[in-house]
Amino acid sequence: MKPATWCWLSSAVLAAYGCLVAANNETEEIMDETAKSTCPVRLESRGRCEEGGECPYQVNLPPLTIQLPKQFSRIEEVFKEVQNLKETVNSLKKCCQDCKLQADDNREPGRNGLLSPGTEVPGEADGNRVRELESEVNKLSSDLRNTKEEIDVLQGHLEKLNLVNMNNIENYVDKKVANLTSVVNGLDGKCLSKCPGQEQIQSRPVQHLLYKDCSEYYTIGKRSSGTYSVTPDPQNSSFEVYCDMETMGGGWTVLQVRLDGSTNFTKTWQDYKVGFGNLRREFWLGNDKIHLLTKSDEMILRIDLEDFNGVKLYALYDPFYVANEFLRYRLHIGNYNGTAGDALRFSKHYNHDMKFFTTPDRDNDRYPSGNCGLYYSSGWWFDACLSANLNGKYYHQKYRGVRNGIFWGTWPGVSESQPGGYKSSFRKAKMMIRPKHFKP
Ligand SMILES: [Ca+2]
């Protein structure tokens, strides 16, 4: 309210009070004509005044009319606008409700022919039917979920069974073939000595005989080291290997040789799979062949090393097995024996046992931030990364920098080399296998 309005109101009240005071000054009853018309205020006594006490009087004021300024008319306009807005909101609300009802109707299954026609307003029966259908759908979907889980479990079983059975069957067939081969070899030996009447037949070279590995060539009397054809698995074709018939009784099938640096060992997964190099000099026999040789019989691994000081040491692992490519040629080594130290199982943190094969182009190692094969320039059963690596670079003398040469972590003096200092390498390295129960 503006100050002008307040002044106006105050003066009206003061005028009334002025009238009252004037009336009180004259007599108890003011009946003056002027006062009656302009200021009809009456003061009435409601009893006798007591001496020294209060007198009970009553003042009658006329009804007071206050003139409001014209700005108050805006309030009326605002009220009208609010009313209009309210109406608009109500109509929109109703429209919205209609839309919702329509949408609900469209969702009603009765409209899709599931219920009898003419049931525009769903009754109790329809409601029940809907609930029935709903519960049926729920049951079906839960059945479906259960079935899917069962299928998953069965699939898991099936995969396991497949793997187990395939391994069993493979082993069984391998053993049978091995027995037959040994029987045939035995008979062949007998015939050679006891059937003089069949010399013509005997003189023909025996083509059908299969030799699993070098130990079997040794058994039939072969004593010279060199290349021979072996068939460790009759279901796979034969291949050439180098046989060491001299070391520790002979009968060794050689898997790897380093002696002069003539073969580069920084190779791909495919190279390591099929093998590379020269069987009479430096080579890697090939992971597929190593797998076939080690699965056909229980094998032991012998590693021979020679450094540039002429120190020769060896390590034996019993047994030794390399899994197939599907299992990424995982390495399995048993007990260690020898003089070179157990570098393949150096410590808890550096252990090559049970590790997958890694090449510069195929990272299966346990080093999360890179490829050990790439860093150490070779294919090997890297951990994260190594305490041994017989496929490293061939250095003709000591070298500096990354330890990517041929390495055996338990070699005498190896721990004394300073980081960044010179690292010793090896003149010769050789890996070879022989059946565990072979007797030279
Ligand atoms: Ca890695």
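Atoms within a ligand are numbered from 1 in the order they appear, just like the ligands themselves.
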Colleague: Run through the protein N/O/S atoms less than 3.0 Å from the Ca ion (ligand 1) and write them out by chain and number.
Modeller: Asp363 OD1, Asp363 OD2, Asp365 OD1, Tyr367 O, Gly370 O
Colleague: Checking Arg302 against Tyr314: charged group under 6.0 Å from the ring centre and within 45 degrees of the axis?
Modeller: yes
Colleague: Output the distance between atom CG (Leu85) and atom CG (Asn90), rounded to the nearest 0.5 Å.
Modeller: 11.0 Å
Colleague: Output, in order, the C-alpha distance, side-chain angles, deciding distance and verdict of ring-ring contact (aromatic ring centres under 6.0 Å, His included) for Tyr376 and Phe407.
Modeller: CA-CA 10 Å; Tyr376 291 100; Phe407 179 57; 8.5 Å; no
Colleague: Using ring-ring contact (aromatic ring centres under 6.0 Å, His included), reason through Trp269 and Tyr329 one step at a time and then give a plain yes or no.
Modeller: CA-CA 11 Å; Trp269 180 267; Tyr329 304 119; 5.5 Å; yes
Colleague: Do the rings of Phe276 and Tyr272 sit parallel, tilted or perpendicular, given the 30° and 60° boundaries?
Modeller: perpendicular
Colleague: Parallel, tilted or perpendicular: which one describes the rings of Trp411 and Phe426, with boundaries at 30° and 60°?
Modeller: perpendicular
